[in-house]
Amino acid sequence: MRIVFGADDENETTRAVLAELHGRGDVEILTDDSWPDLGAGIGRAVVEGRADVGVVMCWTGTGTAIAANKIPGVRAALAWDPWIARGARLWNDANVLAMSLKRLAPDVAVEVTRAFLDEPTPDPDEADAIRRLTELPDQN
Ligand SMILES: O=C(CO)[C@H](O)[C@H](O)COP(=O)(O)O
């Protein structure tokens, strides 16, 4: 699996997530102190096919998620527990995971990351909803 990762700050949580990612595939790391540019860069790497999925972190996770979702074709999901992360893949076909580097403990962030990456394919029952989602105009 090719994964693009970026965080606008570094701490125990980002280091734990990165270690987990390195154990799971080829990791491209984006460094950008500007969270809008970082989120957009992660999104572009995914839609341009350089990575299968993106994992992005900022203080809240929200800013980079919003920035990533500005890129057409990105479905970035903010997750704070494994159930949310799994559901984002299963029911939303999310291709970018966004997390808070300030509010998730390292072990929780790793569990969230695992849940996201372990659920590679969407639920077929959600195919219509996901198609409808991708048909919605990107106007933001
Ligand atoms: O959580 C974030 C955005 O949602 C940022 O990480 C936080 O606002 C810090 O950004 P900066 O270092 O540019 O002030």
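In this text, all values refer to a predicted model and were calculated from it rather than measured experimentally. Just follow the structure's listing: the first ligand is 1, and inside any ligand the first atom is 1.
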Least distance between heavy atoms, Phe116 atom then Ala94 atom: CZ-O, 3.7 Å
Atoms of ligand 1, numbered as shown, that sit under 4.0 Å from any heavy atom of Trp35: 3 (C), 5 (C), 8 (O), 10 (O), 13 (O)
Smallest separation among heavy atoms of Val47 and Val74, with atom names: CG1-CG2, 3.7 Å
Neighbour count above 12 (heavy atom, 6.0 Å) for Arg103 CZ: no
Structural part of Asp8 in contact with ligand 1, heavy atom criterion under 4.0 angstrom: side chain
Shortest protein contact, atom 1 (O) of ligand 1 (heavy atom only): Thr60 N, 2.9 Å
Working for side chain to side chain contact (heavy atoms under 4.5 Å, CB included), residues Val53 and Arg89: CA-CA 11 Å; Val53 292; Arg89 289 286 264 176; 3.4 Å; yes
More than 12 heavy atoms of other groups within 6.0 Å of Glu12 CD: no
Ligand 1 to Asp33 polar contact by distance, N or O atoms, under 3.5 Å: no
Check: Gly63 N/O within less than 3.5 Å of ligand 1 N/O: yes
Residue and atom name of the nearest protein heavy atom (relative to atom 9 (C) of ligand 1), distance in Å to one decimal: Trp59 CD2, 3.6 Å
Any non-hydrogen protein atom less than 4.0 Å away from atom 14 (O) of ligand 1: no
Heteroatom proximity flag, Thr64 to ligand 1, N/O under 3.5 Å: no
Minimum heavy-atom distance Ile130-Pro122, with the two atoms named: CD1-CB, 3.7 Å
